[in-house]
Asker: 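First, the structure itself, so that you have it in front of you.
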Amino acid sequence: MTFPASSALSLPTLQDVEAAARLIDSYCIETPLLESSYLNRKYGGRLLLKAENLQVTGSFKLRGAVNRVGSLTEDERRRGVVARSSGNHGLAIAYCAGLMGTSAVVVVPETAPAAKVERIAAYGARVVMVPMKDLADVAAEITQREDRVLIPPADDFWVVAGAGTVALEMAKQAAKLNAQIDVLLTCCSGGGLTAGCLLGLSKMSPATKVYGVEAVGFEKMAKSLAVGKRINLAPGGHSICDAISGLYMAEIPFEIIKPDLAGTFAVTDDEAREAMRVAFSEFGLALEPGSAVALAAVLARKIPLEGRTFAVTLSGRNVDLDLAGAILAGDAPTVGRA
């Protein structure tokens, strides 16, 4: 299924990203930009990791959620919000709703990790679990029936602008490290982070080439770009990367990405697992599988690092402990120091 672009679509700009940075400053931390001299030597370039997994709710999604909930009118705040999410967006919306004096309903797929669902409920949101294929329809029905405000995980002006603050912050940090980012790889599902990063880099680092990284079997962005229209994937696929295994490419991100994205890559579950192990062994960082795909693309040499400076987003850490433990203790080799 394909979707036409709306002729009246309002797209955020760099100025909106800069405004979002001011709004979220009191709620989000400045996450570090990390590097390893060992990995730099091994891969022959400079690799910078933007550790959004250290954000307050465990992912970059907090930035867009703060920007959107913080921009609600008084009437909208009174009515409350609805989010549909595999976990991280729902966590961020639930957290912000409690913090900013509104109520939230979060519709999650039945396959969502228990750790995410439990934390969404702990933040005070009402959780509704449905089959993945019904996620959008149920969220829309609740929005209409309860007269709430729907906040999509990517297809939202304020959410995309908030996500762009990741790159705005990253560019300033790289400058302090005397680094010019040649390539940025972003973890990608609906495209909000990728689109926001294109906006966020447009002034401070316009020469940076931005790529989206998807999970094998969920290449919504690649397939949509190939035909020039958004494509909705059929249900039934499976990936350990639940955070990026949604079925659609969002409209607002797609219109931003379409003219400027350098390309896309897709990584396997095993490649994501390996990136999780490297992040833990080299940096002491906990990642969820979907958050590891940008790093995985570099470690799997899907694009050569030699002689260049790469940045990757580590977008979240909210993974079930049993799954994380099994992956970290797995038999597949990590990047050794031989």
Side-chain angles (χ1 to χ4, degrees), residues 12 17 20-21 23-25 27-31 50-72 81-100 104-109 112-113 115-123 125 127 135 139 149-170 186-197 199-200 212-213 241-246 248 250 252-253 286-294 313-319:
V17 175
L23 191 153
I24 72 173
D25 184 59
Y27 300 93
C28 300
I29 67 169
E30 179 178 313
T31 56
K50 183 60 169 162
E52 282 295 294
N53 60 312
L54 300 179
Q55 195 54 260
V56 177
T57 58
S59 83
F60 81 96
K61 291 287 189 179
L62 182 63
R63 296 171 181 267
V66 168
N67 198 40
R68 183 64 187 101
V69 177
S71 299
L72 292 174
V81 300
V82 176
R84 61 176 187 269
S85 168
S86 65
N88 288 331
H89 176 63
L91 269 170
I93 291 296
Y95 175 80
C96 291
L99 206 61
M100 297 179 175
V105 179
V106 180
V107 185
V108 304
K116 293 181 181 179
V117 176
E118 290 169 5
R119 294 186 71 181
I120 290 169
Y123 282 137
V127 177
L135 208 63
V149 177
L150 179 65
I151 304 180
D155 217 351
D156 182 276
F157 181 100
W158 292 271
V159 168
V160 172
T165 64
V166 172
L168 198 66
E169 197 172 281
M170 186 189 310
T186 65
C187 308
C188 180
S189 182
L193 177 59
T194 306
C197 284
L199 296 176
V213 184
C241 303
D242 65 280
I244 59 170
S245 61
Y248 80 102
I252 288 175
L287 297 182
E288 59 191 274
S291 168
V293 295
T313 59
L314 306 179
S315 54
R317 68 170 185 262
N318 296 306
V319 60

Asker: Looking just at side-chain N and O atoms, do Thr31 and Gln55 make a donor-acceptor pair shorter than 3.5 Å?
Answerer: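 Not at all, the side chains of Thr31 and Gln55 share no donor-acceptor pair under 3.5 Å.
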
Asker: So do the side chains of Glu52 and Thr313 get within less than 4.5 Å of each other, counting heavy atoms only?
Answerer: no

Asker: How close do Ala243 and Lys116 get, counting heavy atoms only, and between which atoms?
Answerer: CB-NZ, 4.0 Å

Asker: Do you know which two heavy atoms are closest between Ile252 and Asp155, and how far apart they sit?
Answerer: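 Taking Ile252 first and Asp155 second, the nearest heavy atoms are N-OD1, 2.8 Å.
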
Asker: Looking at side-chain heavy atoms only, is the closest gap between Pro253 and Val160 below 4.5 Å?
Answerer: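 In contact.
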
Asker: Would you say Pro289 and Val319 make side-chain contact, with heavy atoms under 4.5 Å?
Answerer: yes

Asker: So which heavy atom on Ser245 is nearest to which on Ser189, and how close?
Answerer: N-OG, 4.3 Å

Asker: Is any side-chain heavy atom of Asn88 less than 4.5 Å from a side-chain heavy atom of Thr57?
Answerer: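 When only atoms from C-beta onward are counted, Thr57 and Asn88 do not touch, as no gap falls below 4.5 Å.
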
Asker: I need the minimum non-hydrogen distance between Asn67 and Ala161, along with the two atoms involved.
Answerer: ND2-CB, 3.9 Å

Asker: In Å and rounded to the nearest 0.5 Å, what is the CG to CG distance from Leu287 to Asn318?
Answerer: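 Reported value, rounded in 0.5 Å steps: 11.0 Å.
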
Asker: Go through the structure and list residues passing side chain to side chain donor-acceptor pair (under 3.5 Å) with Ser291, not counting sequence neighbours.
Answerer: none

Asker: State whether the side chain of Lys61 and the backbone N or O of Leu91 hold a donor-acceptor pair below 3.5 Å, judged by distance alone.
Answerer: no

Asker: Backbone N or O of Ala154 within a donor-acceptor pair of the His89 side chain at under 3.5 Å?
Answerer: no

Asker: Out of curiosity, Ile244 CD1 to Cys188 SG, how far, rounded to the nearest 0.5 Å?
Answerer: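 Rounded to the nearest 0.5 Å, the CD1-SG separation comes to 7.5 Å.
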
Asker: Who are the side chain to side chain contact (heavy atoms under 4.5 Å, CB included) partners of Leu54, not counting sequence neighbours?
Answerer: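 Side chain to side chain contact (heavy atoms under 4.5 Å, CB included) check on Leu54 returns Pro32, Ala51, Leu285.
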
Asker: Going from OG1 on Thr165 to CD on Glu30, what distance comes out if it is rounded to the nearest 0.5 angstrom?
Answerer: 10.5 Å

Asker: Ignoring hydrogens, what is the shortest heavy-atom contact between Leu62 and Tyr27? Give both atom names and the distance.
Answerer: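 Scanning both residues completely, I find the closest heavy atoms to be CD2-O, 3.9 Å.
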
Asker: Rounded to the nearest 0.5 Å, what's the gap from OH on Tyr123 to CD1 on Ile93? Could you check?
Answerer: 13.0 Å

Asker: Using atom types as modelled and distance alone, determine if a side-chain donor or acceptor of Asn53 lies under 3.5 Å from a backbone N or O of Ala286.
Answerer: yes

Asker: Is the backbone of Gly90 close enough, under 3.5 Å, to the side chain of Ser85 for a donor and an acceptor to pair up by distance?
Answerer: yes

Asker: Could you measure the distance from the CD1 atom of Ile24 to the CZ atom of Arg68? Nearest 0.5 Å is fine.
Answerer: 15.5 Å

Asker: What pair of heavy atoms forms the shortest contact from Thr186 to Ala294, and how long is it?
Answerer: C-CB, 4.1 Å

